[in-house]
Amino acid sequence: MDPRQGLRLLLPDRSLDRDGPGRPGPGPRRPGGHLHRGRRAAPAGPHQSADLRRADADLLHVEGHDAAPRRCRAHRHAVGRRPRPARSAGGGHHPGPGLAGQQRGRRRGRVHRGRRPVSSGTLPPAVPTAPVRTRFCPSPTGTVHVGLMRTALFNWAHARHTGGTFVFRIEDTDAARDSEESYLHLLDCLRWLGLDWDEGPEVGGPHGPYRQSERGEVYADVAARLLAAGHAYESFSTNEEVDARRRAAGQDPKLGYDNHDRFLTDAQRAAFRHEGRTPVLRLRMPDEDLAWTDLVRGDVRFAAGAVPDFVLVRGNGAPLYPFVNPVDDALMGITDVLRGEDLLPSTPRQLALYAALAEIGIGSGAPRFGHLPLVTGEGTKKLSKRDPQSNLDVYRDRGFLPEGFANYLALLGWSIAEDRDIFAMAELVEAFDVTRVSANPARFDLKKAEAINATHLRALPVAEFTAKVTPYLAGAGLVSEPPTPEQQRVLAAIAPMAQERMIVLSEAVGLLRFLFVEDVEIEPAAADKQLSGADAAEVLDAATVALGELADWSTPAIEGALKSALVDGLGRKPRQAFGPVRVALSGRTVSPPLYESIEILGRERTLARLAAARAVTG
RNA sequence: GCCCCCAUCGUCUAGUGGUCCAGGACGCCGCCCUUUCAAGGCGGUAGCACGGGUUCGAACCCCGUUGGGGGUACCA
């Protein structure tokens with residue numbers, strides 16, 4: 001391993017210089033990383049001694065718990081977190097290597113003191129190394145869930161913050177539900193949010209392919225080796241049989257599979273086959289507690305025997321998620337798994353699998369886990385994929401800014417500081433610390449998301465705002481693409497005023513339509529409110545006269561003329577004076593500032609609309 | 001049922017034994033500004049689930065209760 005690698009980690013994270021908001025660059029490249037990767041390279045040829053592997057694993061897990069620049073903070077956590085001893089009894093241990101400190105009952109993982117020394121003569125000094133490798137591994141089924149993107153964002157931020165690597169992998173093992181369209185959409189969404197990946201689809205990398213549908217041989221090979229090594233076994237029981245056995249034993253059938261087929265004889269297996277049965281492959285769960293120190297939850301423990309042997313491969317040979325996910329993580333050298341809390345109960349199974357894999361020479365044991373809080377909807381329940389509010393497209397289409405939406409997403413379980421919640425992607429990267437992620441479920445609050453986005457929208461340079469708004473106007477047929485010089489002029493004039501009264505980009509269509517059409521359509525409600533009655537007619541007539549005579553068509557002159565005609569001349573309160581005019585010109589009760597709008601609109605259209613509105617008043 | 005996770009304003013959170021009669025943000029309410037709507041400024045409303053314990057001292061540590069949630073597939 002390259003000693004410079006350790007040095008690198010002591011230096012400030014350079015990625016910030018390059019990763020401006022919204023345009024993050026590729027992750028930092030470390031010369032040492034390749035070396036490291038190379039040694040743990042797939043497909044798991046046991047071309048290194050078990051000792052070396054084990055030592056490597058220790059290094060990964062003991063030293064990898066933190067990167068040097070964050071030592072102080074991590075230390076603070078280590079001392080400060082409330083101790084939380086495991087709930088269940090039993091002295092079991094972690095199946096994989098790297099459990100130093102696990103029994104110490106620290107909350108928030110990071111245990112640095114009292115680490116056991118790395119005792120290997122063949123490895124470099126014990127400088128914190130093992131660069132973080134996180135991954136995002138969605139399955140391309142249907143819409144993209146905002147909670148899913150929060151998970152992606154946190155994995156990305158964790159990798160970027162630590163100068164690690166962000167891997168993108170597609171878990172398309174369910175042919176019935178996956179689609180190419182969803183796959184492409186996923187890539188698009190990730191890019192839209194500003195999350196770039198260092199390895200994965202369309203980017204490549206040393207551990208490819210990154211789509212599980214293309215990795216069938218890998219899984220078949222691993223499954224065969226697990227079977228040969230005795231970690232997995234063929235199971236012929238049907239659900240009905242398991243059920244019946246549970247009932248016969250006076251147990252709740254909901255307990256699930258009973259490990260009945262663990263020790264079938266060759267003859268029994270042959271007999272089942274003869275019946276025409278095809279076996280599933282199950283992992284033999286260890287007879288020990290399964291525990292880990294969760295990056296966001298502290299110690300979590302499942303009692304031995306609580307988790308039955310689970311299915312790795314279907315009867316038809318198709319590998320299942322609980323199998324392929326850890327296999328790929330191991331093969332791809334993933335060090336940190338940040339995922340939703342809904343997956344927490346499956347962690348013991350994964351732990352057992354990682355251990356079995358390590359024993360047959362694949363990977364180096366379990367990664368660190370951090371289980372992120374669930375994102376809930378209106379009530380207290382997990383935001384359903386069926387709920388329209390969960391669909392990222394809804395927010396994209398409405399014209400949320402990527403940086404605004406990412407900002408809000410980051411707030412779902414994390415906070416940057418005590419008195420601040422507006423920040424850019426680069427600031428998120430700089431400050432993100434996964435151990436400071438909250439364990440509480442987080443409600444998706446549209447109002448707050450909008451408020452955050454509005455702040456980002458207002459902060460945009462006007463030119464950028466204009467450029468972002470233009471496609472929405474073009475999409476509504478209000479301007480051509482690109483806008484004509486005249487449209488450009490109008491846009492430039494109105495943009496600053498539009499910018500500060502919008503929440504999302506799509507609102508520009510309704511707000512600015514009146515400036516880009518010949519005749520305005522007056523909203524019925526607006527007409528009811530402002531154009532009914534003789535008063536409105538009087539106001540419109542006076543405005544028509546005042547503006548018709550106006551020599552200098554400028555905002556100040558328009559203001560002067562209107563005020564003297566309506567407020568002074570008619571004695572109207574400003575509210576009553578300008579309401580009908582506003583509706584006549586914009587068709588709505590809400591518009592950009594009136595005088596400026598009139599100037600932009602021009603004399604001809606202004607007078608025509610006053611006349612049209614006058615006709616409506618009757 | 002069983003296993004696991006969680007518990008501070010309506011919502012998201014800060015809080016790591018004294019500096020907290022608990023801070024920020026969104027929302028809501030009021031005022032100012034004002035040609036509408038916003039924006040902006042100022043102010044206000046509202047919370048440590050409960051019971052024990054440890055301690056000189058508990059939002060914070062421990063135990064329990066209650067409540068909420070997740071999981072419990074040959075889905076992912």
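Throughout, a chain's letter reflects where its sequence line sits, starting with A, and its residues are numbered from 1.
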### Query
For the rings on A:Trp414 and A:Phe432, is their centre-to-centre separation under 6.0 Å?
yes

### Message
For a quick check of understanding: with a heavy-atom distance under 4.0 Å over all strands, which category does A:Gly340 fall into, base, sugar-phosphate or nothing?
### Response
nothing

### Task
Among B:U35, B:G70, B:G68, find the nucleotide with the atom closest to the side chain of A:Leu594.
B:U35

### Counterpart base for B:G1, defined by Watson-Crick or G-U wobble contacts under 3.5 Å
B:U72

### Message
Students often get this wrong, so: under 4.0 angstrom with heavy atoms, is A:Gly579 touching a base, only sugar-phosphate, or nothing?
### Response
nothing

### Query
From A:Thr435 OG1 over to A:Leu295 CG, what is the distance, rounded to the nearest 0.5 angstrom?
7.5 Å

### Query
When the distance from CD1 of A:Ile503 to P of B:A39 is rounded to whole Å, what number comes out?
8 Å

### Message
Using whole Å, what does the distance between atom C1' of nucleotide B:A25 and atom CD1 of A:Ile452 come to?
### Response
7 Å

### Summary
Pairing partner of B:G18, by Watson-Crick or G-U wobble and under 3.5 Å for both distances, is B:C56

### Query
With side chains defined as the heavy atoms from C-beta onward, is the minimum distance between A:Phe323 and A:Leu281 less than 4.5 Å?
no

### Query
Does the base of B:U36 carry an N or O that pairs as donor and acceptor with the side chain of A:Arg501 under 3.5 Å?
yes

### Task
Could you check which nucleotide pairs with B:G67 in any of the strands shown, counting Watson-Crick or G-U wobble with both distances under 3.5 Å?
B:C6

### Query
In whole Å, what is the span from the NZ atom of A:Lys385 to the P atom of B:G70?
17 Å

#### Entry: P-based separation of B:U66 from B:G30 [nearest Å]
43 Å

### Message
OP1 or OP2 of B:G15 versus the side-chain N and O atoms of A:Arg436: is any pair under 4.0 Å?
### Response
yes

### Message
If you only use heavy atoms from C-beta on, which nucleotide in B:G69, B:U36, B:C74 is closest to the side chain of A:Thr380?
### Response
B:G69

### Message
Regarding A:Arg443, tell me which of base, sugar-phosphate or nothing describes its non-hydrogen contacts under 4.0 Å with the strands shown.
### Response
sugar-phosphate

### Message
Once you apply a heavy-atom cut-off of 4.0 Å, does A:Ser415 come out as touching a base, just sugar-phosphate, or nothing?
### Response
sugar-phosphate

### Summary
Separation of B:A25 atom C1' from A:Asn453 atom CG, nearest Å, is 16 Å

### P spacing across the pair B:G69 / B:C29, given as an integer number of angstrom
29 Å

#### Entry: P spacing across the pair B:C9 / B:A14, given as an integer number of angstrom
13 Å

### Query
Taking the P atom of each, how far is B:A38 from B:C26, in whole Å?
16 Å

### Message
The side chain of A:Asp419 is closest to which nucleotide in this list: B:G24, B:G27, B:A38?
### Response
B:G24

### Query
Among B:A76, B:G69, B:C5, which is the nearest nucleotide to the side chain of A:Arg297?
B:C5

### Query
Among the nucleotides B:G23, B:G1, B:C37, which one has an atom lying closest to any side-chain atom of A:Arg575?
B:C37

### Message
Tell me if the NZ atom of A:Lys529 is crowded by more than 12 foreign heavy atoms within 6.0 Å.
### Response
no

### Task
Measure from the side-chain heavy atoms of A:Lys447 and tell me the nearest of B:G27, B:U11, B:A76.
B:G27

### Message
Between A:Asp309 (side chain only) and A:Asn259 (backbone N and O only), is there a donor and an acceptor less than 3.5 Å apart?
### Response
no

### Task
Considering just the side-chain nitrogens and oxygens of A:Arg314, establish if one lies under 4.0 Å of OP1 or OP2 belonging to B:C75.
yes

### Query
How many Å lie between CZ on A:Phe236 and C1' on B:C74, as a whole number?
14 Å

### Message
Looking at A:Thr173, I'd like to know whether one of its side-chain N or O atoms comes within less than 4.0 Å of OP1 or OP2 on B:C75.
### Response
no

### Query
OP1 or OP2 of B:G71 less than 4.0 angstrom from a side-chain nitrogen or oxygen of A:Lys382, does that happen here?
yes

### Query
OP1 or OP2 of B:A76 less than 4.0 angstrom from a side-chain nitrogen or oxygen of A:Thr141, does that happen here?
no

### Query
Rounding to a whole Å, what distance do you find between A:Asp309:CG and B:A73:P?
14 Å

### Query
Considering only side-chain heavy atoms of A:Pro441, which listed nucleotide, B:G70, B:U36, B:C6, is closest?
B:C6

### Task
Please tell me which of A:Thr589 and A:Leu344 maps to the more 5' nucleotide of RNA chain B, matching each residue to the nucleotide holding its nearest heavy atom.
A:Leu344

### Task
Can you tell me, in whole Å, how much space there is between the C1' of B:A25 and that of B:G15?
16 Å

#### Entry: Distance in angstrom units between A:Met497 CE and B:U34 P, rounded
19 Å

### Task
May I ask you to say what A:Ala451 touches in the nucleic acid, namely base, sugar-phosphate or nothing, with a heavy-atom cut-off under 4.0 Å?
sugar-phosphate

### Query
If you measure from the P atom in B:A22 to the same atom in B:G10, how many Å do you get, rounded?
15 Å

### Task
Name the nucleic acid region contacted by A:Phe578, choosing base, sugar-phosphate or nothing; use a 4.0 angstrom heavy-atom cut-off, strictly under.
sugar-phosphate

### Query
How far, in whole Å, is B:G18 from B:A58 if one measures between their C1' atoms?
10 Å

### Task
Answer yes or no: does a side-chain N or O of A:Asn440 lie under 4.0 Å from OP1 or OP2 of B:U8?
yes

### Query
Which of the following nucleotides, B:G23, B:C26, B:C74, is nearest to the side chain of A:Val311?
B:C74

### Query
Are the aromatic rings of A:Phe168 and A:Tyr183 close, with centres under 6.0 Å apart?
no

### Task
State whether the side chain of A:Ser384 and the backbone N or O of A:Arg386 hold a donor-acceptor pair below 3.5 Å, judged by distance alone.
yes

### Query
Considering only side-chain heavy atoms of A:Pro593, which listed nucleotide, B:C37, B:U35, B:C6, is closest?
B:U35

### Summary
A:Val590 has its side chain closest, among B:C37, B:G69, B:G1, to B:C37

### Query
Are OP1 or OP2 of B:G40 and a side-chain N or O of A:Arg458 less than 4.0 angstrom apart?
yes

### Message
Using OP1 and OP2 only, check whether a side-chain N or O of A:Lys563 sits under 4.0 Å from B:U35.
### Response
yes

### Query
RNA chain B: A:Asp421 or A:Glu341, which has the more 5' nearest nucleotide?
A:Glu341

### Message
Using a 4.0 Å heavy-atom cut-off, does A:Phe444 contact any base of the nucleic acid, only the sugar-phosphate backbone, or nothing at all?
### Response
nothing

### Query
Is the count of non-hydrogen atoms from other residues, nucleotides or ligands lying under 6.0 Å from A:Asn316 atom CG greater than 12?
yes

### Query
Are A:Tyr595 and A:Trp553 close enough that their ring centres sit under 6.0 Å apart?
no

### Message
Give me the distance, rounded to whole Å, that separates B:G24 from B:U8 when you measure between the C1' atoms they each carry.
### Response
13 Å

#### Entry: Polar side chain donor-acceptor pair, A:Thr555 to A:Glu599, under 3.5 angstrom
yes

### Query
For the pair made of CG in A:Leu255 and C1' in B:G71, what is the distance, rounded to whole Å?
14 Å

